[in-house]
Amino acid sequence: MTSSSPANPIRRTLPWLPLALALAGCSGQDDPSPPTGFPAPVVAGTDATDAYADAPARCGMPAYGWQRGDVPLGRVVATERVATYRAAILQALASELADGLPELRFDVESHVVTYTTQDRGTLVDATTLVAWPLAVDPAETASLPTLLLLHGTSGFTDGCGPSVDNEGQLLVAAIAAAGYLVVAPDYIGLKTTTPATGFPHPYLVGEATAIASLDAVRTLPEVQGRITEPGAVEPSSRVVVVGGSQGGHAALWVDRLAPYYARELTIAGVAATVPPADLIGQAELALTTPRNATGNLIAHFGAAASWYGLDDELDDAFVPPFDVDVPTALAASCDPDDGVNIPDTLEALFQPALLEAQDEGRLASFDPWGCMLRENGLTTTSTPRLGSDLDEPSYGILFVTGEADDLVDTPTERDAFATLCEDGDIPLTYLECAGASHTGATAWALPEILAFVAARAAGEPFTRDCAVPPPTRCLGTPADE
């Protein structure tokens, strides 16, 4: 999409580099609970989780239930070997990108894996990149934790997943060489193999993305059986989750849904950078004046409407011809900036009733569009968090923002953090990088992310802190900033 307004409607953000460099060297050598075998999938199985799994549909969409029991979740449909990377080569390549990186110790084998997940109660295929450390000496390292790496916005249709991105493949391999078994899913609707998914990527839909991500982790035992190099490390069901931007939103949804959908996995900790946790709050700003966040709202409505069965109702949100042109553009390219010319005014794009609902403070109840935002926002969803009684003492969530973020509004997310931490009783801690942009926040917080993830992987106690401190100079801030 292109725009003549000040707002760039959709930014294609793929934060592989800062996340990769943050995690390089954060090995799980001190993992306190080595695996004794990778467990079988456990979907629901308690009164609370069964009730949710039987009826997860929201916002008037057709009823469905999650498949569970003897269902091939995480079953490997196909693997395509990407490469075997030697640690010395990865070290040399990484050193060109940043100084002072720790030693990358392991050779790595990477695969693009097509696997079975489910969407709205129907089995579907998705793809993920899996990077596996090789020749790990069990006398030196009892086990390595699994790292679930969740990417930012990369597109809205099949072929747009980052698993086939060359830079992404190298950097994910570098993380694995430092001591993680890395799973980097493309998400539903972004698969990079045939046949086509058949519907758009449900952008910023928490359930769809979290389920596909958790099922990607479940592929590991079968992927291990297809690795030809001897000495591959055993897969661990102890998982650290890291995501930025859209991936930060996804990481928070993994935290929310894992106790319902993947009870056999141990989520050791979550680092969510620049996440749009409060979608209602972000949308209220996007509908007040044209800004970069307006593009995220356009994409959410345009791509997620199909998931909710609202394809034929987009003219209730968008002024024609945008009810047709927006989803067409999202489906046509991984870079929709080239698709539709967005007008200068909100009135030329959004229907008056939607804008009036925003002006009158009724957006959250302006259904179905308010419901889509409400149910996919962590602060407003009707899906309760079950983790407070289940969290390990070491479990925690790092919530990172940037003071100068012009895509995900930071004041809104400060309030979202406080709501989640205080009212939601979630084990959180907050970090805001002074002067950092949307992408800069992740890069500048690298040392803090590194320390946090290493501590979670090692099982160190976590202290929940609901204070929202003022912006601070993050340890990775460039000297000239």
Next on the checklist: Suppose we screen for side chain to side chain contact (heavy atoms under 4.5 Å, CB included). Which residues come up paired with S306, at least two apart in sequence or across chains?
Outcome noted: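 Counting only residues at least two positions away or on another chain, S306 forms a side chain to side chain contact (heavy atoms under 4.5 Å, CB included) with F199, P200, D311.
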
Distance-only, no hydrogens or angles: does the [X] side chain make a donor-acceptor pair with backbone N or O of [Y] under 3.5 Å?
| X | Y | value |
| --- | --- | --- |
| H151 | D186 | yes |
| R218 | R75 | no |
| R256 | T383 | yes |
| D158 | A196 | no |
| E432 | P469 | no |
| E413 | P276 | no |
| T127 | T192 | yes |

Would you say the side chain of [Y] lies within less than 4.5 Å of the side chain of [X], judging by non-hydrogen atoms?
| X | Y | result |
| --- | --- | --- |
| H300 | N376 | yes |
| W307 | M372 | no |
| Q246 | Y187 | yes |

Item to check | Within 6.0 Å of CG in L123, more than 12 heavy atoms from elsewhere | outcome: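 Yes, because the 6.0 Å sphere around CG of L123 holds more than 12 heavy atoms from other groups.
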
Next on the checklist: For E80, I'd like to know if atom CD has over 12 heavy atoms of other residues, nucleotides or ligands within 6.0 Å.
Outcome noted: no

Checklist entry - Once the angle between the rings of H201 and Y203 is folded into 0 to 90°, is it parallel (under 30°), tilted (30 to 60°) or perpendicular (over 60°)? => result perpendicular

Checklist entry - With P235, which of T146, V223, L220 fulfils side chain to side chain contact (heavy atoms under 4.5 Å, CB included)? => result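 When side chain to side chain contact (heavy atoms under 4.5 Å, CB included) is applied between P235 and each of T146, V223, L220, only L220 qualifies.
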
Item to check | Aromatic ring proximity Y52/W66, centre distance under 6.0 Å | outcome: yes

Checklist entry - Cation-pi between R464 and F462: NZ/CZ under 6.0 Å from ring centre and within 45° of the ring axis? => result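 No, R464 does not sit over the ring of F462.
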
